[in-house]
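Comments concern the structure below.
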Number of protein chains: 2
Amino acid sequence: MSTERPRLTRDRVLAAAIALADSSGIDALSMRSLAADQGVVPMALYKHVAGKQELLDGMVDAVLTGLPPLPGGSEWRPRLRERILATRATLLAHPWAPSVIETRTHASPIVLTYMDELMGIFRTGGFSAELTHLAMHALGIRMWGFTREVFPTPATPADPEQRAAMLAQFQTQFPHIVEIATATAGHPGSETAGCDAQVEFEFSLDALLDGLALRLAEQKASAANSARGRQRSASPR
Amino acid sequence: MSTERPRLTRDRVLAAAIALADSSGIDALSMRSLAADQGVVPMALYKHVAGKQELLDGMVDAVLTGLPPLPGGSEWRPRLRERILATRATLLAHPWAPSVIETRTHASPIVLTYMDELMGIFRTGGFSAELTHLAMHALGIRMWGFTREVFPTPATPADPEQRAAMLAQFQTQFPHIVEIATATAGHPGSETAGCDAQVEFEFSLDALLDGLALRLAEQKASAANSARGRQRSASPR
DNA sequence: TTGACATGTGTACACCGTACACCTACCCTC
DNA sequence: GAGGGTAGGTGTACGGTGTACACATGTCAA
């Protein structure tokens, strides 16, 4: 008579964890709350998941499974751009994903595959192994389609009079912040918590890709130079 | 006879917290461990610090206080570069700083001052308010002198035979990762936890600055264009 | 039918942050 | 000097966390 609840599965546990984190936030996701959500005692989860860290690892893997297939072609830049923006689109559905990804300490095969594919895009695009390494570092967390927003806002007092006074003080103390905040006040959604708005992300990504394109050109030029040098020093022999 | 311990101060609490986090890691820093370290009961700390979050805020502020003065001049690029690298040098002494900064939700006046100064560097360098806004987003967490390393390594089995088998499997499954790992194996310190190695950080920063320089040139070009346009349409009147 | 094994339970432990009431020792004022 | 307010430190307690360990149960194979 107690066979109402379907049997627990690792996949079911992960799906429930994702759903719970999506709806109630990552802070509300504890082994206990997840167990209660599944109508089960906390320790039951440990039969399907080694612990909380492994649960989070699995959640990331499960989300990454939804990624579209790797774009083909040999032009590194559009391929990379498309890939990263697709990842962004996938992760945007899960506000907790950025912070969880950032705190992972071990890469699962799925994560490794993702990174290997990105490196492959660089390599087939003409980047040397060395330059690919640096480029991956330059991408950093941006390879996951988001950037950590470090634009925290100070607490504003509720009383409007006090707030006006604070704004006046701000005006003299942080003139550029006020200028930029007012200049871009019309942008809705630029205050998104986990991920920054689309336009800002694309700006950042494209600026970085410009820088990498310059480095690739330098690499090709120096390779051509050294080839000429080798030819020159080899021919007299 | 119990007057051995000097009186607690907010500054003393913050200094003790920083020292404890430096030596034992940020995970070992709890209100209880900090209190024990100071020979005091946990709740005593709350007389000087509102709570744990405020403690962490204060730790960041205390570290930032050690920053060198803002470099002068009007050339945005060397100024920005010097500023950020100086911040990096300051934060490198505190491995916990990156993760703590990332989790702050409110900006203290000290943090706001830092960001305002960065914006000032852009503005005096010719960036429009709008472009400065985007540039700050593009800097993102890199404005603090580090980038989150998202290069986690999978757990390697202790048994050498198993490890060899794993490496062989890696070779076929993640060829680019292996290629790049072996190509850059000689770099010591590239596995640093919180901050990436100096060369990688500077590469990333410079690549990004290249991209921003291009955007600044575009902005100036379009401003000149629209000025010409205005002149042309105004003169007939 | 029986036993093995996977699945779920119950209890317990050591932590965490912090609310609240209390005590104590100092400094300032009369 | 006496008195009192207050800042600093204490003790206890509550609700939360992850998870180790022993035990019960239910399902499938032999």
Side-chain angles (χ1 to χ4, degrees), chain A residues 1-21 23-61 96 99-106 155, chain B residues 1-21 23-61 96 99-106 155:
Chain A
M1 64 173 64
S2 67
T3 61
E4 294 310 319
R5 179 179 48 69
R7 232 129 173 281
L8 245 48
T9 309
R10 183 182 159 88
D11 286 349
R12 223 187 298 271
V13 168
L14 292 180
I18 289 173
L20 189 56
S23 63
S24 311
I26 191 67
D27 287 339
L29 176 70
S30 68
M31 298 302 275
R32 298 174 126 94
S33 66
L34 179 58
D37 180 80
Q38 291 297 293
V40 118
V41 94
M43 288 311 291
L45 301 174
Y46 286 78
K47 287 279 150 68
H48 305 93
V49 148
K52 177 143 193 200
Q53 295 308 311
E54 220 244 359
L55 174 77
L56 295 173
D57 289 344
M59 290 168 68
V60 172
D61 278 359
W96 47 268
S99 59
V100 171
I101 287 179
E102 278 179 350
T103 57
R104 293 311 82 207
T105 57
H106 292 308
Chain B
M1 61 176 62
S2 67
T3 61
E4 293 310 318
R5 179 179 49 69
R7 229 129 176 283
L8 247 46
T9 311
R10 183 180 159 88
D11 285 348
R12 223 186 298 271
V13 168
L14 292 180
I18 289 173
L20 189 56
S23 62
S24 311
I26 192 66
D27 287 339
L29 176 70
S30 67
M31 298 301 277
R32 298 175 125 96
S33 66
L34 179 56
D37 180 81
Q38 292 296 293
V40 116
V41 95
M43 288 310 292
L45 301 175
Y46 286 77
K47 288 281 150 73
H48 304 94
V49 146
K52 179 147 193 198
Q53 295 309 311
E54 219 243 359
L55 174 76
L56 295 173
D57 289 343
M59 291 169 68
V60 172
D61 279 358
W96 47 269
S99 59
V100 171
I101 287 178
E102 279 180 350
T103 57
R104 293 309 84 207
T105 57
H106 292 307

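Letters A, B, ... mirror the listed sequences (proteins, then strands); counts begin at 1. Note that the coordinates shown come from a computational prediction; the quantities given were computed from them, not determined experimentally.
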Grab the CZ-P distance between R12(A) and dT7(C) for me, whole Å please. 12 Å

In B/S/- notation, 5' to 3', how is nucleotides 8-17 of chain D contacted by protein heavy atoms closer than 4.0 Å? BBBB-B---B

Taking the side chain from S23(B) and the backbone from L20(B), do they hold a donor-acceptor pair closer than 3.5 Å? yes

Applied to residues 35-48 of chain B, the side chain to side chain donor-acceptor pair (under 3.5 Å) test, sequence neighbours excluded, yields none

Of all residues at least two apart in sequence or in a different chain, which pass the side-chain hydrogen bond (donor to acceptor under 3.5 Å, both in side chains) check with S30(B)? S33(B)

Salt bridge (charged side-chain N to carboxylate O under 4.0 Å, His left out) partners of R10(B), counting only residues at least two apart: E54(B)

Write down the distance between CG (L55(B)) and P (dC16(C)), rounded to a whole number of angstrom. 14 Å

I'd like to check the side-chain hydrogen bond (donor to acceptor under 3.5 Å, both in side chains) partners of S99(B); sequence neighbours left out, ordered by chain and number. none

L34(A) side, atom CG; L29(A) side, atom CG - distance, nearest 0.5 Å: 6.0 Å

To the closest 0.5 Å, what do you measure between NE2 (H106(B)) and CD (Q53(B))? 9.5 Å

Axis-to-axis angle between the two ends of the helix from dT1(C)-dA30(D) to dC30(C)-dG1(D) (five base pairs per end, rounded to 10 degrees): 10°

Could you grab the distance from atom CD1 of I101(B) to atom CG of L56(B), nearest 0.5 Å is fine? 11.5 Å

